[in-house]
Amino acid sequence: MSGLPRSVYLHVPFCRHRCGYCDFTLVAGRDDLIDQYLEALERELRRLTQPLEIDTLYLGGGTPSHLGGERLERLFAMLRQTLHPVEHAEITLEANPLDVNEPFVAAARRCGVTRVSLGSQSLDVATLRVLDRDHMPDDVRRASGMLAEAGMSRSLDLMTAAPGQTVTDVERDLEAIVSLEPEHVSVYCLTWEQGTAFETQRRKGLLEPVTDLAERAMFEAAIDRLGDAGFEHYEVSNFARPGHRCRHNEAYWDLRPWEAFGPGAARFDGRTRVTNHRSTTTWIKRVLGGHDPTGDRDAMSAEEAARERLVVGLRRRAGITVADFETVSGFTPRQLAAKSIDRWIADGLAVEEEGRLWLTRDGLLVSDSLWADVL
Amino acid sequence: MPFDCKHIRNFSIVAHIDHGKSTLADRLLEHTGTVEKRQLKEQMLDDMELERQRGITIKARAVRMEYRHKGELYELNLIDTPGHVDFQYEVSRSLACCEGAVLLVDAFQGVEAQTVANAYSAIAQDLTIVPVINKVDLTYARVDEVLEEMEQSLAIDPEEVIRASAKSGIGIEEVLEAIVERVPPPVGDPDKVLRAMVFDSLYDAYRGAITYIRILDGTVRKGQKIRFARQGTTHEVTELGQFVPQRRACEELRAGQVGYLVCNIKDVKQVHIGDTVTVPGDEAAEALPGYKPPQRMVYCGLYPSEGENFEELRDSLEKLAINDPSFEYSPESSDALGFGFRCGFLGLLHMEIIQQRLEKESDLDLVQTAPNVTYQVLTSSGETLEITNPQDVPDSGQIEEFRQPIVRTNFITPAEYIGPIMQLCTDRRGVYLKTEYLSPTRAMLCFDLPLAEVIYDLHDKLKSVTKGYGTMDYELQGYFPADLVRLDILVGGKKVDALSIICDRRDADRRGRAIVKKLRGEIDRHMFEVALQAAIGTRIIARETISALRKNVTAKCYGGDISRKKKLWAKQKEGKKRMKSIGSVDIPQKAFMAVLDTGQERT
């Protein structure tokens with residue numbers, strides 16, 4: 001499956017500060033680079049030889065809201081030269097609750113933003129402090145209300161397994177989030193990434209991860225509470241009210257082609273995933289110098305792509321429809337991994353019924369241990 | 001112009017590891033113009049990649065130099081020897097081809113265990129010793145004390161010791177002069193019937209077996225027919241020559257000389273180290289006494305991770321054995337690991353080297369079981385069994401006597417570490433024999449220890465308790481009765497034969513506990529609980545549990561995340577390849593080494 005991409009990702013690498021757990025592509029306290037960044041982005045967009053009609057646009061980061069209303073409008077003016085969102089396109093912006101104020105929301109509306117993903121993480125003061133976040137619970141409430149009033153669709157991030165966090169803390173956070181009535185919730189379990197301040201402190205014994213028993217309980221609490229509140233659990237970390245799934249992310253998981261711009265951004269043409277250089281300054285230098293800013297290339301054979309499709313497909317709660325899977329990928333799941341699939345089913349980790357294959361909750365919770373046999 | 005015996009000197013250099021043997025050899029090659037300075041790379045004679053990497057010499061090797069002394073031209077043959085205790089037998093082989101040995105001692109480190117062991121080997125073979133104290137220009141050199149140690153331990157006259165620094169080129173001329181003046185020329189008559197000793201062989205993909213020889217009597221010429229006295233085979237010499245240090249062909253080799261023969265021998269097994277080269281027919285010279293065959297001290301199982309690679313593994317082992325007759329292997333099978341080979345090695349270093357070469361030279365994923373020494377069992381029916389695999393231990397009812405190898409171990413150490421070494425050895429059921437002082441500050445301790453206790457980690461422990469200053473060397477004394485048992489390990493209720501060990505009954509509880517504890521750390525969590533047990537016979541003596549995996553799922557999988565994640569999963573998959581599934585439990589390679597854990601925070 002190829003054709004022209006109908007989704008575009010834009011990476012905005014600026015943040016007020018870097019949180020201790022974060023290993024994303026970003027620069028903190030380098031606002032002096034923003035103008036160069038915008039210039040480079042304009043240059044990189046010229047890679048598109050003709051205007052692109054798109055269904056979804058996603059501005060992630062970093063903190064795109066850190067640009068501020070004025071520069072956001074400049075950015076969108078530039079994007080409109082080459083990117084043409086269709087009517088009812090989904091245009092998502094990631095935002096720090098502290099950046100959400102009346103002028104900013106107004107600017108975002110003028111830009112056509114339809115959806116805001118709020119980096120809320122928690123509504124508990126202690127947890128926010130542990131996570132190194134610069135906002136307070138009230139900032140989240142205020143931002144969420146303001147966005148609702150402006151008619152934006154809201155997604156709230158909830159982080160679990162922060163050091164010192166208990167299952168009760170998570171349950172309390174879930175209540176708080178549900179009470180804000182967002183359209184979408186993403187639940188992320190903290191991961192300890194190489195090179196982060198958290199990981200360094202963990203090694204020194206200054207921070208302690210929660211046990212995996214607690215991690216599981218927290219995640220299950222999220223699945224149960226959000227389910228009760230009418231959210232559909234549609235992918236490992238994502239929950240949506242009916243009709244409010246993130247269409248942009250669904251394009252990733254369908255392995256549809258998408259375009260991407262900015263440092264560390266990855267694009268996909270249906271077979272090959274190309275990732276830009278992760279360093280913001282290197283990316284700027286290369287783009288402005290007329291050089292290729294790409295870093296990694298992940299080129300897949302038809303079979304490799306099918307294997308990847310199986311993995312991302314099974315990370316979705318609905319799993320895969322066997323017949324569709326074969327039509328799109330050219331392989332049946334059993335051609336790829338019959339032995340593993342049979343074992344998962346026997347062990348209660350997966351179910352196959354009426355032409356559909358999906359992971360049970362038990363399977364989903366340990367799914368990373370399954371993929372080595374599939375890829 | 002052929003060299004007569006009077007103008008030939010054959011010598012080797014013996015030293016403790018890191019005392020500068022390879023540097024001295026490099027310097028001699030350079031000084032005699034054998035190798036030009038610009039071609040000189042470090043460790044000229046160590047041409048195996050592994051040797052350079054690890055800074056050690058594994059195989060014996062020979063090189064010819066020319067040196068002019070008092071107007072006369074001499075041929076000097078340096079026969080290089082390995083320094084590690086594992087390869088002691090190669091040392092004695094090389095020494096048998098020499099008349100002299102340069103004994104090299106580091107001016108700071110002083111006399112060490114292998115200095116003594118190697119010097120004794122040389123003296124035992126009646127070689128003339130040319131003592132050299134190396135690195136005299138070091139700031140910390142303690143020349144006078146080291147000279148005293150040499151006198152105390154080896155009765156070397158301080159007057160005779162040449163002060164040198166191979167690194168800075170000090171004393172090199174003196175060393176060369178001493179070799180000519182002090183080392184006796186070989187005795188041999190080029191006109192007598194050919195008699196030469198095979199001291200090594202090597203397999204070359206293009207020429208077949210390359211046979212290293214030292215000519216005792218007679219002359220060998222290109223095109224001539226020769227006969228291996230023991231093997232009883234006759235061959236035509238297609239090429240012969242010397243090492244300079246690359247192979248350089250010549251027309252003939254005469255009594256006293258050292259060189260190589262190429263005889264179009266495709267199977268290197270036809271060349272026996274220690275064999276005698278002579279002429280075919282009635283005139284043939286009598287065979288030389290030959291060498292003691294090398295003794296395999298350590299055994300382990302090598303299994304392909306993928307069962308279907310068994311034949312490939314066999315081919316690879318055969319290829320390795322071609323160049324290393326001290327390594328032996330025979331097929332065996334394990335319930336846990338399937339079909340593989342039990343392999344015998346000279347020691348742990350040898351084992352490590354073979355395993356590295358196997359992985360380097362063939363693209364095989366291997367599972368290696370923990371090494372064990374050879375045991376002897378005297379059965380009630382009066383039969384003596386050699387046990388190279390714990391699985392072969394008969395039922396306790398059939399054992400009359402269980403014997404283990406005991407080695408006499410010499411430690412050389414600064415006097416302040418005598419206490420810790422005593423502790424180290426008594427913890428390992430060593431029997432104290434004596435202490436001798438080499439100088440007021442350095443001593444030699446002697447213990448009889450079970451080999452099993454020596455090979456696993458004694459060297460590392462020695463280094464740690466003596467801050468790196470202690471050295472050791474050992475020699476097999478024989479097999480002696482001990483109260484030994486087989487300790488079995490069960491994973492998920494199933495006995496894993498490859499994890500069984502033999503140990504002293506008094507240590508069994510402690511080791512059983514230590515092993516299951518260690519295994520708990522080595523085996524990844526599974527979707528289900530995994531029980532780990534240690535048992536003697538049917539009696540369980542220790543247990544640990546690996547709890548089931550609760551949560552393992554990547555949270556973020558957007559855009560480029562999957563490419564990064566896939567790399568991680570691919571790595572896990574690679575890791576899985578080196579695992580063995582027993583029942584439904586994946587056991588990684590490292591876990592098979594867990595049984596070496598002694599369970600003692602012994603000093």
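Scope of the values below: all heavy atoms of this structure, side chains included, with no hydrogens, waters or symmetry mates. Chain naming here is simple, since letters A, B, ... match the order of the sequence lines and numbering starts at 1 in each.
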A:Ser237, A:Gly264, A:Ser186: which one forms the most heavy-atom pairs within less than 4.5 Å of chain B? A:Ser237

How long is the span from the CZ atom in A:Arg315 to the NZ atom in B:Lys565, to the nearest 0.5 Å? 8.5 Å

Is it the backbone or the side chain of A:Val312 that comes under 4.5 Å from a heavy atom of chain B, or both, or neither? side chain

Portion of A:Val311 that has a non-hydrogen atom of chain B nearer than 4.5 angstrom: side chain

Taking side chain as everything from C-beta outward and backbone as N, CA, C, O, which of these in A:Asp362 sits under 4.5 Å from a heavy atom of chain B? Side chain, backbone, both or neither. neither

Which is it for A:Trp253 and B:Tyr558 under the side chain to side chain contact (heavy atoms under 4.5 Å, CB included) test, yes or no, and what are the steps along the way? CA-CA 8 Å; A:Trp253 305 325; B:Tyr558 309 116; 3.4 Å; yes

Chain B contact via A:Leu364 - side chain, backbone, both or neither, heavy atoms under 4.5 Å: backbone

Heavy-atom contacts under 4.5 Å, residues 549-557 of chain B to chain A: B:Leu549, B:Arg550, B:Lys551, B:Asn552, B:Val553, B:Thr554, B:Ala555, B:Lys556, B:Cys557

For B:Lys571, is the NZ atom crowded, meaning more than 12 foreign heavy atoms sit under 6.0 Å from it? no

For A:Asn238, is it the side chain, the backbone, both or neither that has a heavy atom under 4.5 Å from a heavy atom of chain B? side chain

Need one label for A:Tyr58: side chain, backbone, both or neither, based on atoms under 4.5 Å from any heavy atom in chain B. neither

With a 4.5 angstrom heavy-atom cut-off, could you sort out which part of B:Lys567 is near chain A: side chain, backbone, both or neither? side chain

Relative to chain B, which segment of A:Asn249 carries a heavy atom at a distance below 4.5 Å: side chain, backbone, both, or neither? side chain

Heavy-atom proximity to chain B below 4.5 Å, by part of A:Val366: both

If you measure from CD on A:Glu193 to CZ on B:Arg564, what distance do you get to the nearest 0.5 Å? 8.5 Å

Rounded to the nearest 0.5 Å, how far apart are CD1 of B:Ile562 and OH of A:Tyr252? 12.5 Å

If you tally heavy-atom pairs under 4.5 Å between each of B:Ser547, B:Gly559, B:Ser584 and chain A, the highest tally belongs to B:Gly559

Check whether A:Tyr9 gets within reach of chain B through its side chain, its backbone, both or neither, counting any heavy atom under 4.5 Å. neither

A:Thr191 versus chain B, the contacting section by heavy-atom distance below 4.5 Å: neither

Heavy-atom pairs under 4.5 Å with chain B, option from A:Glu235, A:Met300, A:Arg216, A:Arg307 with the top count: A:Arg216

A:Arg267 versus chain B, the contacting section by heavy-atom distance below 4.5 Å: neither

Engaged part of A:Arg278 at the chain B interface, taking heavy atoms whose separation is under 4.5 Å: side chain

Crowded around B:Lys494 NZ? As in, over 12 foreign heavy atoms under 6.0 Å? no

B:Phe310, CZ atom: more than 12 neighbouring heavy atoms under 6.0 Å: yes

Using heavy atoms and a sub-4.5 Å threshold, report which of residues 519-534 of chain B line up against chain A, by residue number. B:Arg525, B:Met527

